[in-house]
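Working notes, structure below.
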Protein chains: 2
Amino acid sequence: MALIVHKYGGTSMGSTERIKNVARRVAKWHDAGHQIVVVPSAMSGETNRLIALAKEIQNPPDPRELDMIASTGEQVSVGLLSMALQAIGKDAVSYAGWQVAIKTDSAFTKARIQSIDDEKVKRDLDSGKIVIITGFQGVDENDNISTLGRGGSDTSAVAIAAALKAAECLIYTDVDGVYTTDPRVVSEARRLKAITFEEMLELASLGSKVLQTRSVEFAGNYRVPTRVLSSLTDPDLDLETEANSGTLISFEEDTHMEQAVISGIAFNRDEAKITVLGVPDRPGVAYHILGPVAEANVEVDMIIQNQSVDGKTDFTFTVSRNDYQKALDVLHSAKDEVGHSTIVGDAKVSKISVVGVGMRSHVGVASKMFRVLSEEGINILMISTSEIKISVLIDEKYMELAVRALHKAFELEKDVAARVE
Amino acid sequence: MALIVHKYGGTSMGSTERIKNVARRVAKWHDAGHQIVVVPSAMSGETNRLIALAKEIQNPPDPRELDMIASTGEQVSVGLLSMALQAIGKDAVSYAGWQVAIKTDSAFTKARIQSIDDEKVKRDLDSGKIVIITGFQGVDENDNISTLGRGGSDTSAVAIAAALKAAECLIYTDVDGVYTTDPRVVSEARRLKAITFEEMLELASLGSKVLQTRSVEFAGNYRVPTRVLSSLTDPDLDLETEANSGTLISFEEDTHMEQAVISGIAFNRDEAKITVLGVPDRPGVAYHILGPVAEANVEVDMIIQNQSVDGKTDFTFTVSRNDYQKALDVLHSAKDEVGHSTIVGDAKVSKISVVGVGMRSHVGVASKMFRVLSEEGINILMISTSEIKISVLIDEKYMELAVRALHKAFELEKDVAARVE
């Protein structure tokens, strides 16, 4: 018997029939003697509907009022799920974030959880109730409703699991786990049974959009064992099988885990590269270029500054393709401050990253990666490295080819034991 | 300059365009120097949509969870209206019932307001903000969300006006006031400039569904001057004209009010009559008949018990036509306890009432009413009287005829000064 947190996404909650299936699955875990807290998202489409309504009235909408509106989708979900559990004979109770209370800062639409009061929930669990708590939202110190931003229900679930010291947080979603890479690109891609938080963080932030990045950070910081698993299996699936399915996100230090050099290959198609040429090389140049870009709310990813020649340097960085034109406009109007001669850009580039904590103790991952790409005739435009990942920027037309070649070269289709590493 | 509460119904809030119109109207009052609190309903159709969702899952739905769900409609409305005001340059803030806080008992789906904390609202008003508060809902002592039942936003508005000691509570709705009777039945029906709380209470509970009955009780108990007026006029209508439009519900003691003997004629088409024949006349007979009916949640209106003959009596009462079959079924299965010989019923009857506080000091209203009906050849099936109203039950096919004849006989189409009373 353990305390377990379940999280269900908007697709799983997408209709009253599906909500009834969620209830059957939850009841199965409760029947097995576990204490269960459920964190459901809003019914699919609902949050978008609410935000669209708001934007018809005020654009951009006032963040506090937008949270007032957007938070209602999850409130409906918890009430419906509680009813669905009661309808099959379970004692259940729903809470909005403020009722628990889940306290956040006042950064409306992107608030961060500060604390969770677990008293009420513990009391309900001890009396045999299944507790259902809204994801995505909390309340600030002045009793204003706040939301955590898109995908925030993952973070809510992990934070609640941390506060309750849950044995595991199960994130039910429409994929059955984390893969070595996208199976739509590499058919041999293999589901990982386990992955470390650090690897998951790199994979999540690099575009394997299984979990919200912040929820992974939270899981890592508070050491919450978190499992990503499918909500599309039969709700009556054998509990033991279900409990071991998906991908467990755990701690590197857990020595029982199989540990590969490389865990997976992440990629992001929608990158754009901007190069500012002939910039006078003086202190503060990076700030003068990136300051205005950041002020325009454009996120910069990879950054390279070339060796200076004759007191002039070139400065290259990447942004999301959606922000490409905005970043160019900002730089053109900042020409006087920056003092550059010209700007060139390329909106048809992609980023590929090999990720793995094993890289720390193995040399040669980078050179193997560069060799593989070179053998395929793929030119590397930019390189960036961290302790557990190597990313390269390449022409987008070679992306699939590069991912397949790297997946094969690092033998990711094989179990760790079968690899030559 | 005064503190004024505005209430807008679901039709007025029915689309983003209409919400923008509400904002313009509210801003006009604020521009004139008034402090404004607005209580909007959910967008039309939204509460029904939410209740239908709930019933797909659990029927009847758990009351606490239903309130969790149903309360979200108003939460969306307040956020949208706040945005609409901000979009035209007004400083506005929205609150859910629990944020104010509006405290209620725990009778979910039909809770009653116990107290309202006005501190936060007063502070906002004093800083120049327009405050928007959800109608229909509050929070119980354990922080559970409660709703006040259908039409509850009227009650919220009046209760908030009472707590804030507002100068007036303006109920904007899709009719332009309270009429001497339904203009669809009597084309000469006249809008009343003023009416007492007691009269309004009789008219509201008798089927002139302009205001929720409980809101009128609240207005009477806390002496909140309340005005019913149209939300369909041009939002930019001259403020003075708007402020004097509609019907003011005020106190009988206000001597400045024109005071007629009869204010209006109410009617209800959907009545049904049930007679239990040959009941042994012993103590508790009324309880034995009406107890099971009440337990089945059927509301009984008029009641008559005939003079006993040979130890047997007849017992007649009326119910809403929707409950007719249910009431018959209940009585048939209670035959052993009641001991009656037979049951007869008529589901094609209507009730007509003449209402007016002036009746108290004027004799002859009842006899005039009976004479008029008699001259039209209309048979009276049942009679019931109170201090300020006389109700009769008649065959439904004579209803329009009776209303028109009574309206004419009491000269309701004329101003009070022009009547012969």
Considering heavy atoms only, which positions within residues 22-31 of chain B lie below 4.5 Å of chain A? none
Step by step, would you call B:Glu56 with A:Arg18 a salt bridge (charged side-chain N to carboxylate O under 4.0 Å, His left out)? CA-CA 12 Å; B:Glu56 280 178 34; A:Arg18 290 188 183 176; over 6 Å; no
Nearest heavy-atom pair of [X] and [Y]: which atoms, and what distance?
X: A:Met68; Y: B:Tyr95; result: CE-C, 3.5 Å
X: B:Asn144; Y: A:Gln99; result: CA-NE2, 3.7 Å
X: A:Ile57; Y: B:Ala87; result: O-CB, 3.8 Å

Side chain, backbone, both or neither: which part of A:Val139 has an atom under 4.5 Å from a heavy atom of chain B? side chain
Is chain B contacted by the side chain of A:Leu50, its backbone, both, or neither, given a heavy-atom distance below 4.5 Å? side chain
Looking at B:Val78, B:Ile19, B:Ile145, which has the largest count of heavy-atom pairs under 4.5 Å with chain A? B:Ile145
Heavy-atom pairs under 4.5 Å with chain A: which of B:Val93, B:Leu66, B:Asn142 has the most? B:Val93
Pairing donors with acceptors under 3.5 angstrom, does anything connect the side chains of [X] and [Y]?
X: A:Gln75; Y: B:Ser71; value: yes
X: B:Glu65; Y: A:Ser94; value: yes
X: A:Ser82; Y: B:Gln58; value: no

Judged by atom type as modelled, is there a donor-acceptor pair below 3.5 Å linking the side chain of A:Gln86 to the main-chain atoms of B:Asp62? no
Could you go through A:Trp98 and B:Asp143, starting from their C-alpha distance and side-chain angles, then the distance that decides it, and tell me whether this counts as side-chain contact (heavy atoms from CB on, under 4.5 Å)? CA-CA 9 Å; A:Trp98 64 269; B:Asp143 273 353; 4.0 Å; yes
Enumerate, atom names and distances included, each donor-acceptor pair closer than 3.5 Å involving a side-chain atom of residues 105-116 of chain A, sequence neighbours excluded.
| unit_1 | atom_1 | unit_2 | atom_2 | d |
| --- | --- | --- | --- | --- |
| A:Asp105 | OD1 | A:Ala107 | N | 3.1 |
| A:Asp105 | OD1 | A:Arg112 | N | 3.1 |
| A:Ser106 | OG | A:Asp140 | OD2 | 2.7 |

